[in-house]
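In what follows, a single structure is set out as structure tokens and then discussed.
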Amino acid sequence: MSDHSIYTLLRTATATIALLTAGCYPPPPQYPFTPLVTERRSNLCEQLLQLLPESERTLTSARDESRWLADTAYKAAAAIARVNNSNFPGWAGNALINAYLQDRGLCWHYQHDMYRELRRRKLRHFRIGCCVRDHTELTEHNCVYIAAIGDFWPQAVVLDAWMWNGRLKVDPATELDQDDWKDLPEICDML
């Protein structure tokens, strides 16, 4: 193999490793303001408005509230990952915590922190809740949801800050498997 081929191979391998690991680290502070995430924040805002009765969707107060919730969710998710100092997303991060190599970063840490951030504003059109998927000790996954006031579970949008290490994953109400996801009002009461 020629020196040029070895150099090209090393450069390609380095670039590949950099791309694979870049998504592991918590998002930087400017992440919520990137064009991609700004678009995602707008999409979440619209998804939240769709949860409301048609007569409420055009109200300025409802639009302001949904915008604040969408913006706060994306900003908080990134900030929570930085505070947790988690360098691996999802289950990989859990392995480090269970091996006592990292203190925080389980899905319920993200759930509790996200819930607290979203509860900072008194809401008139929406409510915040906590939920769990696959409620067994080894596979459960805790998240936060947003629903219209007066609607019952599972008419909600689930927010997952944990799965992608601060890069918010949004699951619309239309895609929730009602057999897997459960409402956890007792966690909200505790928090």
- Distance-minimising heavy-atom pair for Val144 and Tyr115: CG2-N, 3.8 Å
- Message: Please check: side-chain N/O of Gln47 versus main-chain N/O of Val170, any donor-acceptor pairing under 3.5 Å?
- Response: no
- Message: My understanding is that only residues two or more places apart in sequence, or in another chain, count here; which of them pass ring-ring contact (aromatic ring centres under 6.0 Å, His included) with Tyr145?
- Response: Trp153
- Above 12 or not: heavy atoms from other molecules or residues under 6.0 Å from CZ of Arg104? yes
- Item | Candidate list Ile80, Leu159, Val37, test side-chain contact (heavy atoms from CB on, under 4.5 Å), partner Leu168, passing option | Leu159
- Item | Residues forming a ring-ring contact (aromatic ring centres under 6.0 Å, His included) with His141, sequence neighbours excluded | Trp162
- Task: Check the surroundings of atom CG in Asp64: do more than 12 heavy atoms from other residues, nucleotides or ligands lie under 6.0 Å from it?
- Result: yes
- Task: Indicate if Met190 and Tyr110 have the same hydrophobic cluster label, given that clusters are the connected sets of ILVMFWY residues with side-chain heavy-atom separations under 4.5 angstrom.
- Result: yes
- Using side-chain hydrogen bond (donor to acceptor under 3.5 Å, both in side chains) as the criterion, list what pairs up with Thr58, not counting sequence neighbours. none
- Message: Counting only heavy atoms from other residues, nucleotides and ligands, does the tally under 6.0 Å from CD of Gln30 exceed 12?
- Response: yes
- Got a sec, which residues hit ring-ring contact (aromatic ring centres under 6.0 Å, His included) with His109, two or more places apart in sequence or on another chain? none
- Message: Run the salt bridge (charged side-chain N to carboxylate O under 4.0 Å, His left out) test against Arg63 and tell me which residues pass, sequence neighbours left out.
- Response: Glu46
- Crowding at CZ, Arg119 (>12 non-hydrogen neighbours, <6.0 Å): no
- Any donor and acceptor pair, going by atom type alone, linking the side chain of Gln111 with main-chain N or O of Cys130 inside 3.5 Å? no
- Residues in salt bridge (charged side-chain N to carboxylate O under 4.0 Å, His left out) contact with Lys169, at least two apart in sequence or another chain: Asp171
- OH on Tyr74 to OG on Ser42, rounded to 0.5 Å: 10.0 Å
- Given side chain to side chain contact (heavy atoms under 4.5 Å, CB included), test His112 with Leu191 step by step and report yes or no. CA-CA 7 Å; His112 295 185; Leu191 294 173; 3.8 Å; yes
- Message: Taking salt bridge (Lys or Arg N to Asp or Glu O under 4.0 Å) as the cut-off, I'd like each qualifying pair that reaches into residues 66-89, sequence neighbours left out, listed once.
- Response: Arg41-Asp71, Arg67-Asp71
- Kindly write out the residues that satisfy side-chain hydrogen bond (donor to acceptor under 3.5 Å, both in side chains) with Arg116, not counting sequence neighbours, or none if the list is empty. Asp113
- Message: With a 4.5 Å cut-off on side-chain heavy atoms, are Leu184 and Asn142 touching?
- Response: yes
- Message: Quick one, Leu123 and Leu69 - any side-chain contact, counting heavy atoms below 4.5 Å?
- Response: yes
- Note on the structure: Tightest non-hydrogen contact, residues Ala147 and Ala156, listed as CB-CB, 4.0 Å
- Message: Quick check: is Ile128 connected to Ile149 through a chain of hydrophobic side chains (ILVMFWY, heavy atoms under 4.5 Å apart)?
- Response: no
- Query: Given the rule in the side chain to side chain contact (heavy atoms under 4.5 Å, CB included) test, do Leu44 and Arg40 qualify, once you have shown the distances and angles that lead to the verdict?
  - Reply: CA-CA 6 Å; Leu44 177 55; Arg40 288 179 180 169; over 6 Å; no
- Minimum side-chain heavy-atom gap Trp181-Cys143 below 4.5 Å: yes
- Over-ring placement of Arg167 relative to Tyr31, 6.0 Å and 45° cut-offs: yes
- Message: My understanding is that only residues two or more places apart in sequence, or in another chain, count here; which of them pass ring-ring contact (aromatic ring centres under 6.0 Å, His included) with Trp68?
- Response: none
- Task: Please name all residues satisfying side-chain hydrogen bond (donor to acceptor under 3.5 Å, both in side chains) with Glu56, sequence neighbours left out, ordered by chain then number.
- Result: His125
- Item | Closest non-hydrogen atom pair, Ala148 against Leu51 | CB-O, 3.5 Å
- Contact summary for Leu48 and Ser66, nearest pair of heavy atoms: CD1-O, 3.8 Å
- Item | Partners meeting salt bridge (charged side-chain N to carboxylate O under 4.0 Å, His left out) with Glu117 (sequence neighbours left out) | Arg120
- Message: Using side-chain heavy atoms (C-beta onward) and a distance below 4.5 Å, is Leu59 in contact with Leu52?
- Response: no
- Task: Give, for atom CD of Glu65 and atom OG1 of Thr72, the distance between the pair rounded to the nearest 0.5 Å.
- Result: 11.0 Å
- Transitive ILVMFWY cluster of Ile97, excluding itself - 4.5 Å side-chain cut-off: Leu106, Trp108
- Check: Arg133 side chain, Lys182 main-chain N or O, donor-acceptor pair, under 3.5 Å: no
- Item | Distance-minimising heavy-atom pair for Pro26 and Ala81 | CG-O, 3.5 Å
- Give the minimum heavy-atom separation between Cys107 and Asn94, together with the two atoms involved. N-OD1, 4.4 Å
- Decide whether Ile187 and Val157 are clustered together by the hydrophobic rule: side chain heavy atoms of Ile, Leu, Val, Met, Phe, Trp, Tyr closer than 4.5 Å, transitively. yes
